[in-house]
Protein chains: 2
Amino acid sequence: MQAGSPKWRRRAEARPGEIVQAAFDVFAEKGFAAAKLDDIAARAGISKGALYLYFETKEDLFRAVVREAVVPNLDMEQVLAQTTVPFPDLMRIVLARMGQMIGKTRLGAVAKLVIGESRNFPELARVWHDEVVSRALGALSTALAKAQVRGEIRLGDPRLQAFSIMGPILMGVIWQETFTPVGAPALDLELLISAHGDTVLAGLAPRAGVLK
Amino acid sequence: MQAGSPKWRRRAEARPGEIVQAAFDVFAEKGFAAAKLDDIAARAGISKGALYLYFETKEDLFRAVVREAVVPNLDMEQVLAQTTVPFPDLMRIVLARMGQMIGKTRLGAVAKLVIGESRNFPELARVWHDEVVSRALGALSTALAKAQVRGEIRLGDPRLQAFSIMGPILMGVIWQETFTPVGAPALDLELLISAHGDTVLAGLAPRAGVLK
DNA sequence: GCCTTTAATGACCGAAGAGTCATTAAAGGC
DNA sequence: GCCTTTAATGACTCTTCGGTCATTAAAGGC
């Protein structure tokens, strides 16, 4: 063994973040049950024993991973609360921001985890619903309701309109996460968002004749 | 033990179907790795050993379960190939049929499985892409392209338009499968389909002014 | 009613992997 | 430089669960 290279270093502050990051990668790839703590430890550059200095159990670590990914989604509510911006502009801003967020936060992988493990970890599904999905959908619905009052868009259940707006983005994310890795053609999310924006905004516009 | 009640019965023909059904339930609830063969056997009303008379391994059984759910999706292509029906009518028929299919085939549960296990069973993701998703999307895209040529809808990439049509349905299914069981308000899929049909058909209509 | 065939059982085995802990060594105070 | 503290190790245990197989008994032919 080299003299100058210590077997390991003590870095109590840096560890938790690194571990969660490594765990995220492994959980995202394998799912909860098939993920091995040895793998996570190896990827984090430590031993399995060290994991237990920072997390009580495997479940604990999993919860930390999924909860970690919750945080950064709150700012979209403020955008949607803006009341001076015309609705279509607002919507394009929100859609564009979604696109960026998906790119940088690996939101697709988290979605896969939450969806796939929702029966085994119902409390995580609940957290994600309450903190992320329901909030975003609520803010969007509110914005839609206001736009209806102002006559900017057609009347209708705002909650269902929100599905029409968000659904295709979710589908795009799932496509990329599920089918592109097994050989399906890649999907340009920016393009999808832009094209879908055209379609759905036209669809929500007042007086646009319904076909037939 | 009762005299008249045999310990078990020999029913070689009926077993495979029952096993796959039971396995579907357990896999859908737990995911592949967390599903226990003992549980599947118990639910099928047989012993674990008997499973191995019909399936080589756990993976084998899982593959059978996911492949089983592939079959019934082919008829939508014929509907979409109809060339005499006006596009909006065609679309409403397709959407309605999707709704029925989701109700009767537990499509949501399968989707969850395919999405969640796509990294561990890439060949299943591939099968599902090739046999179901890509085909349905392809047929829909073709119908959209034809409708564009006829001037029934606005010009644009048909593939992306297909995402705008299908995305909200997928989102609805995932919602029901993931969030409703943990306390989120139930979603009326029929209603979503109808409302989304209004929106997206208006959005695809030619000359409908894009807002702003 | 016996005999053959084979569906079905369930106790068992072995591997895998979550979680533990006695031991080691880095860091830092004095 | 020594000593204390504590981060980190990795060999170990123990449980769980996929898969096996010798044994049992249902079904059906003769």
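On a predicted model such as this, the values are computed, not experimentally measured, just so you know. Chain letters run A, B, ... following the sequence lines, proteins first, then strands; residues in each count from 1.
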Quiz: residues 163-174 of chain B side-chain donor-acceptor pairs under 3.5 angstrom, not counting sequence neighbours:
from      : atom 1 : to        : atom 2 : distance (Å)
Ser164(B) : OG     : His196(A) : ND1    : 2.7

Would you please confirm or rule out a distance under 4.0 Å between OP1 or OP2 of dA27(C) and any side-chain N or O of Arg9(A)? yes

Hey, can you pull the donor-acceptor pairs under 3.5 Å for the side chains in residues 20-44 of chain A, sequence neighbours left out?
from     : atom 1 : to       : atom 2 : distance (Å)
Gln21(A) : NE2    : Asp25(A) : OD1    : 3.3

Tell me: CG of Leu61(B) to C1' of dC17(D), nearest whole Å? 15 Å

Could you name each residue pair satisfying side-chain hydrogen bond (donor to acceptor under 3.5 Å, both in side chains) that touches residues 136-148 of chain A, not counting sequence neighbours? Gln148(A)-Gln161(A)

For nucleotides 11-15 of chain D, print each protein N/O atom paired with a nucleotide N/O atom at under 3.5 Å, atom names and distance only.
none

How many Å lie between CD on Glu56(B) and P on dG18(D), as a whole number? 16 Å

Output row for DNA chain D, stems defined as at least 3 consecutive Watson-Crick or G-U pairs under 3.5 Å, is C:1-30 with D:1-30

Using the salt bridge (charged side-chain N to carboxylate O under 4.0 Å, His left out) rule, collect all pairs that involve residues 157-186 of chain A, keeping only residues at least two apart or in two chains. Arg106(A)-Glu177(A), Glu177(A)-Arg119(B)

Output the rounded distance in Å from CG (Leu53(B)) to P (dT9(C)). 9 Å

Heavy-atom side-chain proximity of Leu201(A) to Arg92(A) below 4.5 angstrom: yes

When rounded to whole Å, the CD to P distance for the pair Glu18(B) and dA7(C) reads 15 Å

Test: salt bridge (charged side-chain N to carboxylate O under 4.0 Å, His left out). Region: residues 164-174 of chain A. Which pairs qualify, not counting sequence neighbours? none

Do the non-hydrogen side-chain atoms of Val133(B) and Thr178(A) ever get within less than 4.5 Å of each other? no

Short side-chain N/O contact to dA8(C) OP1/OP2 from Tyr54(B), under 4.0 Å: yes

Could you state the CG-C1' distance from Leu51(B) to dC17(D), rounded to the nearest angstrom? 13 Å

Pull out every residue in residues 31-47 of chain A that has a heavy atom closer than 4.0 Å to any atom of DNA chain D, ordered by number, or say none. Ile46(A), Ser47(A)

Write down the distance between CZ (Phe55(B)) and P (dA8(C)), rounded to a whole number of angstrom. 13 Å

Residue set satisfying side chain to side chain contact (heavy atoms under 4.5 Å, CB included) with Val85(A), at least two apart, ordered chain then number -> Gln82(A), Asp89(A), Leu90(A)

For Leu191(A), enumerate each residue passing the side chain to side chain contact (heavy atoms under 4.5 Å, CB included) test, keeping only those at least two apart in sequence or located in another chain. Asp188(A), Leu160(B)

With sequence neighbours excluded, what pairs up with Val66(A) under the side chain to side chain contact (heavy atoms under 4.5 Å, CB included) test? Phe62(A), Val114(A), Leu124(A), Trp128(A)

Closer than 4.0 Å, any side-chain N/O of Arg15(B) to the OP1 or OP2 of dA8(C)? yes

How long is the line joining NZ of Lys58(A) and P of dA16(C), in whole Å? 15 Å

Val182(B): partners by side chain to side chain contact (heavy atoms under 4.5 Å, CB included), with sequence neighbours left out: Pro122(A), Ala125(A), Arg126(A)

Side chain of Tyr52(B) (C-beta onward), nearest among dT20(C), dG19(D), dA7(C): dG19(D)

